[in-house]
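Lettering follows sequence order; numbering is per chain, from 1. Atoms considered below: every heavy atom in the structure, side chains included; atoms not considered: hydrogens, waters and symmetry mates. Keep in mind that what you see is a predicted model, and the values were worked out from it rather than measured.
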Amino acid sequence: MTLGMAPFAALIYFALAIVIAAPAVLIWMWLRDRRKGELW
Amino acid sequence: MNAVNDAILDPLIGWFILAAFSALWIFLGWFWGRRSEGLDDYVLAGRRVGLALGTATAMATWVTSNTTMAAPQLALQMGAWGMLGYSLGAVGLLLFAPLAGRIRRLMPHGYTSGDFVRLRYGRTAWRIFLVISLCYSLGWLVSMGMAGGVLINALTGIPYHYGMTVILVICVGYTLLGGFRAVIGTDFIQALLILVGLVVIAVLAIGTVGIGPIHSAVLERRPELLNLLLPAGIMFLFNNLLFGIGEIFHSNVWWSRAFSFRPGVGAKAYTLAGLFWAPIPIVAGFVALAVPALDLNIPAADMVGPMVAATVLGTTGAVLVLIMVFSALSSSLDSLLAATSILVVEDIYRRHLRPEASAAQLRRVTAIVIVGLGVLTWLLCAPRIATLAELLYFTGAFVASTIWPVAAGLFLKRAGAAGAIAGMLLGSAAGIASYFIIGFYVAALVGAAVSMSCVLCGLLVSRLEFDWQALGEAEPRGAEAGA
């Protein structure tokens, strides 16, 4: 049972989308925590 | 390892990058640590870490050099299941999320996973647990120290002992100066560096070659890598899953974070960390699958990631990989130093030798232990005995045997010491036996299964009704104010 092109591409693009979004989400959360005085 | 002229980067560039980031981490360690007061500030960042820093530190600590370098290697050896199997390491973080919230609620003044086992199951179970945990921690420290020397040498040609020494000295330095705040703060920056570096390399690999040609080249030249029924891949998948869960459930690296988070943050932070971590081995592994399409000759399997990056991006790609690897190593080493030092101080020094020690004394001893751990790690890494690094894989059976005692102990009042002790001892024994008789890929699986059976049997015969209030132990005097 071979992983075809469509599911292979879907897996890679999905993983890449999360890895691209992650730094943005982290920075957004950091700014929000800093505004609320809840950074550390 | 590779000679200087086989390295991807010029050693001078390597030294410059190492020096620049080392200076940055040391400065930040001093900057964040200069107002630290009291034991709780030093070892748990004041128990007030918020969601952003909490998520980043959990994610970055779990990204080790293995995630960035071994994941591509596994993709090239085991294909799709290698990438997906490695990615299941995120399940440990996700499953720890409810535990993290519960730990913070039940033990608002706790310091270590050892504290929990001592209060929950008694001194015998505690001592067995400590042996497992300290052996694992030392194995992980040594594997990271050795990886640092090996990878810096492979990437830049800088000799193994220099690279290994630099990384250990820098991590000990900023952890000593800044305590847990330095660990958490640098982890946030290191998390961003790892993610951004990986995105750049992967996007450019897709842009240069294309996903279609990458898939076609693998299908033509290495079709077994896309075979979803590869037996070795499936066995690796389950063993890796349980090894990861065992590592996270028992290790004080994760418990210390749970203790350091603000109330209500732990579950969310670990959930997000797991979601952000899961795709990293997939993307890193994908980079390796570009090898057939790029027609690269890979002399050493663990160099596949840097070589693809260098092919796609030239010197810039190699620099990115060095920064990513340095960040991954630092984010794990600093956490290990901090968590293992407080485990030694709290569970050995305080609970066995000096029960009346004040918070100020404990803080001083923690600093000494951080340096001591660094020296011990250096001494064990210096001879460069490969089997020491493999010790980490050997601990799979031991750490997996702690999964059920920890989970049952946190949630089920009837879980008693007998089940926990039997689970850890028999689970470890069975796991080690299967390691030698069958293979490394079943050790954690067998260890977890036998441990689960012991804990379940213990639950069936137990009449215990544990009082959760017993976990709310007081702090040492002066822990918050600093004496």
Peer 1: Please report the closest heavy-atom contact between A/M29 and B/A52, naming both atoms and the distance.
Peer 2: C-CB, 3.5 Å
Peer 1: Report yes if some heavy atom in the side chain of B/L275 is under 4.5 Å from a heavy atom in the side chain of A/I18; otherwise report no.
Peer 2: no
Peer 1: Within the 4.5 Å heavy-atom criterion, are B/I211 and A/I12 side-chain neighbours or not?
Peer 2: yes
Peer 1: Check whether B/H215 reaches the backbone of A/A6 with its side chain - one donor and one acceptor, N or O, closer than 3.5 Å.
Peer 2: no
Peer 1: What part of B/R181 gets within 4.5 angstrom of chain A, counting heavy atoms only: side chain, backbone, both, or neither?
Peer 2: both
Peer 1: Taking side chain as everything from C-beta outward and backbone as N, CA, C, O, which of these in B/F188 sits under 4.5 Å from a heavy atom of chain A? Side chain, backbone, both or neither.
Peer 2: side chain
Peer 1: May I ask you to test the B/T55-A/V25 pair for a side-chain heavy-atom distance under 4.5 Å?
Peer 2: no
Peer 1: Using the six-membered ring wherever Trp is involved, compare the ring planes of A/W40 and B/W32 and label them parallel, tilted or perpendicular (cut-offs 30° and 60°).
Peer 2: perpendicular
Peer 1: Rounded to the nearest 0.5 Å, how far apart are CD of A/E38 and CG of B/L51?
Peer 2: 9.5 Å
Peer 1: Would you say the side chain of A/Y13 lies within less than 4.5 Å of the side chain of B/I206, judging by non-hydrogen atoms?
Peer 2: yes
Peer 1: Using non-hydrogen atoms only, which part of B/L195 is less than 4.5 Å away from chain A: side chain, backbone, both, or neither?
Peer 2: both
Peer 1: About how many Å separate CG of B/L225 and CG of A/L3, when rounded to the nearest 0.5 Å?
Peer 2: 11.0 Å
Peer 1: Minimum heavy-atom separation for A/D33 and B/G50, please, with both atom names.
Peer 2: OD2-C, 3.7 Å
Peer 1: Heavy-atom count check: over 12 atoms from other residues, nucleotides or ligands less than 6.0 Å from B/R35 CZ?
Peer 2: no
Peer 1: Is any side-chain heavy atom of B/F276 less than 4.5 Å from a side-chain heavy atom of A/L26?
Peer 2: yes
Peer 1: Quick check: closest heavy atoms across B/P279 and A/A15, and the distance to 0.1 Å?
Peer 2: CB-O, 3.4 Å
Peer 1: Pick one of side chain, backbone, both or neither for B/L219, based on which atoms fall under 4.5 Å of a heavy atom in chain A.
Peer 2: side chain
Peer 1: Taking the side chain as every heavy atom from C-beta outward, state whether B/V218 and A/F8 have any pair of such atoms under 4.5 Å apart.
Peer 2: no
Peer 1: Between B/A80 and chain A, with a heavy-atom cut-off of 4.5 Å, which part of the residue counts as in contact: side chain, backbone, both or neither?
Peer 2: side chain
Peer 1: For the interface with chain B, which of A/L31, A/I27, A/T2, A/V19 has the highest count of heavy-atom pairs at distances below 4.5 Å?
Peer 2: A/V19
Peer 1: Measure A/R34 against the heavy atoms of chain B and call it side chain, backbone, both or neither at under 4.5 Å.
Peer 2: neither
Peer 1: Return the set of residues passing salt bridge (charged side-chain N to carboxylate O under 4.0 Å, His left out) with B/R221 (not counting sequence neighbours), or none when no residue passes.
Peer 2: B/D295
